[in-house]
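In the text below, chain A, chain B and the rest are named by the order of the sequence lines, each starting its count at 1. Hydrogens, waters and symmetry mates are skipped; everything else that's a heavy atom, side chains included, is used.
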Number of protein chains: 2
Amino acid sequence: MQNQQVLTKNQKIVLDIIEKSSQPLKAYSILFDVKKKGINAPLQVYRALDKLVEIGKIHKIESRNAFIACKNSKCQITKATVFSICENCEDVKEIHDHKLSEHLKHYKDNKGMKYSKYNLEFFGLCKNCIKN
Amino acid sequence: MQNQQVLTKNQKIVLDIIEKSSQPLKAYSILFDVKKKGINAPLQVYRALDKLVEIGKIHKIESRNAFIACKNSKCQITKATVFSICENCEDVKEIHDHKLSEHLKHYKDNKGMKYSKYNLEFFGLCKNCIKN
DNA sequence: TAATATTTGTTATAATATAACACTATGTAA
DNA sequence: TTACATAGTGTTATATTATAACAAATATTA
């Protein structure tokens, strides 16, 4: 299975930081955090991020230029991601909704295009931020 | 209606460039194009882009950091966008699919979040690129 | 062991985006 | 008409996000 492949040192360091965070992290904030572990340059971080995205261990939140760990241990859902984003507190959660996924997975347009993946981002206010 | 408001000079210049392009344009490529019209600085472009996005005249393709005109003249669909993106030729099209929109518009999670908008990007190969 | 591919470390730089500030235009209300 | 508020402008400087290029090290495979 693709995402069980062995990670290199830098990839492990970067993944570790992201997995410990409940919220998406930005590349340069990751860089700051891993400097004490011997990673000195942006490119070292970006290379690890690229690989981790590729194998589905993390996802990029495109609208935020940030990266979040994929909690779904058994999956390769690099290719089909859905997120909810609170525009007030910036809380981000990955959504796993079977019905929604099925709907999107089977979506066909009338242009003859062949889709291999999608990314959906919902924006709004989370429960907490509605109250306040 | 929000997007019938009068545009300023810079907003018109920027919108004009984007509307003339069938494909998404990047901010600095727009800047290059509008220099002959007296717009000299990135910020002038970004401010116009922000406003045009806000009133729904254009949309941002988040995964590409690029901007495309909204063809749907009567709409305010700033809040609900769906795109198809060919990963080979980078052709981008806005998708208007009633069934899909309805499905997404009414999507509710179980976290009590209140959604006000969404952005969905499909990736794959267009008809042309499949052939080649 | 050689050949190949992948990852690393490094420096430099490209590409994308915003802060801050003084000024100008436009609309609205007294 | 003046005063005020609001939005937009022009400008310089700078912040943030991301990649190019190259040499060295490591792992894989034949």
Side-chain angles (χ1 to χ4, degrees), chain A residues 2-18 21 23-55 57-68 85 87 90 92 119 121, chain B residues 2-18 21 23-68 78 85 87 90 92 119 121:
Chain A
Q2 203 181 10
N3 67 353
Q4 286 183 350
Q5 84 179 65
V6 177
L7 299 178
T8 65
K9 184 176 134 261
N10 287 0
Q11 289 160 8
K12 271 182 215 144
I13 293 171
V14 169
L15 177 58
D16 190 52
I17 291 274
I18 298 176
S21 167
Q23 288 304 302
L25 297 178
K26 307 203 141 213
Y28 276 74
S29 121
I30 293 169
L31 175 58
F32 180 86
D33 285 348
V34 299
K35 279 209 159 143
K36 58 190 85 111
K37 303 212 171 165
I39 293 183
N40 301 301
L43 204 42
Q44 294 175 287
V45 172
Y46 278 104
R47 285 198 281 227
L49 290 172
D50 283 351
K51 188 68 183 185
L52 293 169
V53 166
E54 188 192 321
I55 63 178
K57 285 288 194 183
I58 64 174
H59 303 299
K60 181 171 187 181
I61 315 294
E62 293 289 354
S63 67
R64 298 298 187 261
N65 300 313
F67 300 85
I68 193 168
I85 303 171
E87 293 192 288
E90 290 292 322
V92 173
N119 177 59
E121 298 179 9
Chain B
Q2 203 181 7
N3 67 353
Q4 288 182 347
Q5 84 180 63
V6 176
L7 300 178
T8 66
K9 183 176 135 264
N10 287 0
Q11 289 160 10
K12 271 182 215 143
I13 293 171
V14 170
L15 177 58
D16 190 52
I17 291 275
I18 298 176
S21 167
Q23 287 305 302
L25 296 178
K26 307 203 141 211
Y28 276 72
S29 121
I30 293 169
L31 175 59
F32 180 86
D33 286 348
V34 299
K35 280 208 160 143
K36 57 190 86 111
K37 303 213 169 163
I39 293 183
N40 301 301
L43 204 42
Q44 294 175 286
V45 171
Y46 278 105
R47 286 198 280 227
L49 289 172
D50 284 351
K51 188 66 185 189
L52 293 169
V53 166
E54 188 191 321
I55 64 179
K57 286 287 193 184
I58 65 174
H59 303 301
K60 180 171 186 180
I61 314 294
E62 293 288 354
S63 68
R64 298 297 186 261
N65 300 314
F67 300 84
I68 194 169
T78 334
I85 303 172
E87 293 191 289
E90 290 292 322
V92 173
N119 178 59
E121 300 180 8

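Candidate nucleotides D/dG8, D/dT17, D/dT12 were compared by shortest atom distance to the side chain of B/Ala41, and D/dT12 ranks first. With D/dT11, D/dA18, C/dA17 as the choices, the nucleotide that has an atom nearest any side-chain atom of B/Gln44 turns out to be D/dT11. Among the nucleotides C/dT7, C/dA17, C/dT11, the one closest to any side-chain atom of B/Asn65 is C/dA17. With C/dA20, D/dT9, D/dA18 as the choices, the nucleotide that has an atom nearest any side-chain atom of A/Ala27 turns out to be D/dA18. When the nucleotides D/dG8, C/dT11, D/dT17 are ranked by their closest atom to the side chain of A/Leu43, C/dT11 comes out on top.
Between the P atom of D/dG8 and the CG atom of B/Asp50 lies a distance of 11 Å, rounded to the nearest Å. Separating the CD atom of A/Gln11 from the P atom of D/dT26 is a distance of 16 Å, rounded to the nearest angstrom. One can place CG of A/Leu25 at 15 Å from C1' of D/dT17, the figure rounded to the nearest angstrom. We find that CD of A/Glu62 is positioned 16 Å from C1' of D/dT16, with the value rounded to whole Å. Between B/Ile30 atom CD1 and C/dT16 atom P the separation is 11 Å, expressed in whole Å. With rounding to whole Å, B/Phe32 atom CZ is found 15 Å from C/dT16 atom P. Across the protein-nucleic acid pair, A/Leu31 atom CG and C/dT10 atom C1' stand 13 Å apart, rounded to whole Å. For the pair A/Leu7 CG and D/dA27 P, the interatomic distance rounds to 14 Å; values are reported in whole Å.
Proximity of A/Asn40 to the phosphate of C/dT8: no side-chain N or O atom is located under 4.0 Å from OP1 or OP2. Checking the phosphate oxygens (OP1, OP2) of D/dT9, a side-chain nitrogen or oxygen of B/Thr8 falls inside 4.0 Å. Residue A/Lys9 has no polar side-chain atom (N or O) positioned under 4.0 Å from OP1 or OP2 of D/dA25. Under 4.0 angstrom from either OP1 or OP2 of D/dT16 there lies no side-chain N or O belonging to A/Lys26.
Between A/Glu87 and A/Arg64, the closest heavy-atom pair is CG-NH2, 4.3 Å.
Position along DNA chain D of the nearest nucleotide to A/Phe67 versus B/Ala48 favours B/Ala48 as the more 5'-ward residue. Place B/Arg47 and B/Arg64 on DNA chain C by their nearest nucleotides, and B/Arg64 ends up nearer the 5' end.
Side-chain contact check for B/Phe67 versus B/Leu25: every heavy-atom pair is 4.5 Å or farther apart. Put simply, the side chain of A/Asn119 reaches to within 4.5 Å of the side chain of A/Glu121, judged on heavy atoms. In this structure, the side chains of A/Val14 and A/Arg47 stay at 4.5 Å or more apart for every pair of heavy atoms.
Judged by atom type and distance alone, A/Tyr28 reaches the base of D/dA18 through a side-chain donor-acceptor pair under 3.5 Å.
Residue B/Ile13 is tested with B/Thr8, B/Leu7, B/Val45, B/Val34 for a side chain to side chain contact (heavy atoms under 4.5 Å, CB included); the sole match is B/Val34.
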